[in-house]
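Shown next, in structure tokens, is the structure this report addresses.
Residue numbers start from 1 in every chain, and the chains themselves are labelled A, B, ... in the order their sequence lines are given, proteins ahead of strands.
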Amino acid sequence: MDNPWTDWKPLSNWRPDFESLLETLDGGQAFRWNREEKHSFSGIMGNRMVRLRWSPPNRVHLSTPSPPPGGLPLALENYFGNRKSYKILYDSLPWRSDPHLRRCMAAFPQLRILRQDPAETLLCFLCSATKQIVQIKEMLALLADRFGDRLPGGMKSLPSWAQLSQIPESDLRDCKMGFRARNIKGTARFLAETPGFIGEVGRLPYAEAREKLCQLPGVGKKVSDCVLLFGYDRLEAFPVDTWILKAMQRRYRLHDRSHRQVARFGRTHFGESAGLAQQFLFAWERNHARK
DNA sequence: ATGCAGGGCCTCC
DNA sequence: GGAGGCCCTGCA
């Protein structure tokens, strides 16, 4: 009846330690991966359900009921942000002069920025305001369960923006979305009236793309930077949430600086891949700075 | 029980 | 620009 799952296929261009893998899948970039056992996950990549299994010291194997043309590893390597050389990218960060960054990078040596679907990333981060990761995941799971399409393998996709535009706001509120429901509806309406918007953003330079995203209701500087970083592969996007603000004020002795000043410092200090640096800081703060 | 949380928006200064 | 209140919800 259902498509059989493929054999486990190894991922060749990414050999993460488990901490880096976990932090990449479940560290606030993506919200649709679920941990099944100690070292295995199920999740959705694009419109495909995938199972993923890590084995020591640094191997990732995966399987899907609906292999894409070109093969699953290829698609996943794209999803995991594979580029010419992640080594060069890591090396471009100012770790030589920044002991704190060096420490963060050492703790998650294979951390990556995902390349997720932009439209879906927008939806996820519209849900993120004042919410913890677990709550965001719960909201999105409810939304997918009630309004998404069943995918081979059993999980459901998130509803598309076209589908969202047909869903009453009260139904969204029933998915625990609260005031975010209004923003989702407003954005769905905007996107319905502005076909091509999502694609257009992708063609613009960073500053203009960000400005354009900020036209959407519920999207401000932070959310637009998350969407650009995790959905549009713009590594210069540097989202500053309250965690990063506090962390940077502490780690870089910027206690007297405003949010705006800290953001500017980060962009200047970390450079053209500031978003990647931010993810290292974030990962370290979440995992190692617990008091 | 009031307060607060990984944000945006509006108002007022 | 910057500060403060409000928007929902769940949990301490």
Please measure how far the P atom in C:dG4 lies from the corresponding atom in B:dG3, and state the result in whole Å.
16 Å
Residues at least two apart in sequence or cross-chain that pass ring pair (Phe, Tyr, Trp, His ring centres under 6.0 Å) with A:Tyr90, listed by chain then number, are A:Tyr86, A:Phe280
A:Trp14 vs A:Thr24 side-chain heavy atoms within contact, under 4.5 Å:
yes
Does the gap between the ring centers of A:Phe265 and A:Phe238 come in under 6.0 Å?
no
Indicate every side-chain donor-acceptor pair of residues 100-108 of chain A with a distance under 3.5 Å to a residue at least two apart or in another chain.
from	atom 1	to	atom 2	distance (Å)
A:His100	ND1	A:Arg103	NE	3.4
A:His100	ND1	A:Arg103	NH2	2.8
A:Arg102	NH1	A:Trp95	O	2.8
A:Arg102	NH1	A:Arg96	O	3.1

Any side-chain to backbone donor/acceptor pair from A:Gln135 onto A:Gln132? Under 3.5 Å, distance only.
yes
Atom pairs and distances, side-chain donor-acceptor, residues 37-46 of chain A, under 3.5 Å, sequence neighbours left out:
from	atom 1	to	atom 2	distance (Å)
A:Ser40	OG	A:Glu37	N	3.2
A:Ser42	OG	A:Glu36	OE2	3.0

Using the rule side-chain contact (heavy atoms from CB on, under 4.5 Å), only one of A:Leu172, A:Asn183, A:Ile184 pairs with A:Cys127; which is it?
A:Ile184
Can you pull the contact range of chain A along DNA chain C, 5' to 3', using atoms under 4.0 angstrom from its heavy atoms?
C:dG1 to C:dG10
Determine the minimum heavy-atom distance between A:Met248 and A:Leu281, stating which atoms define it.
CG-CD2, 3.9 Å
Do A:Lys156 side-chain atoms and A:Asp145 backbone N/O form a donor-acceptor pair below 3.5 Å?
yes
When all nucleic acid strands are considered with a 4.0 Å heavy-atom cut-off, which category describes A:Arg182: base, sugar-phosphate, or nothing?
nothing
For nucleotides 1-13 of chain B, 5' to 3', base contacts (B), sugar-phosphate-only contacts (S) and non-contacts (-) with protein non-hydrogen atoms under 4.0 Å give ----BBBSS----
Dot-bracket, DNA chain B: Watson-Crick or G-U, under 3.5 angstrom, [ ] crossing, | other strand?
.||||.|||||||
Please report the closest heavy-atom contact between A:Gly186 and A:Pro217, naming both atoms and the distance.
C-CG, 3.6 Å
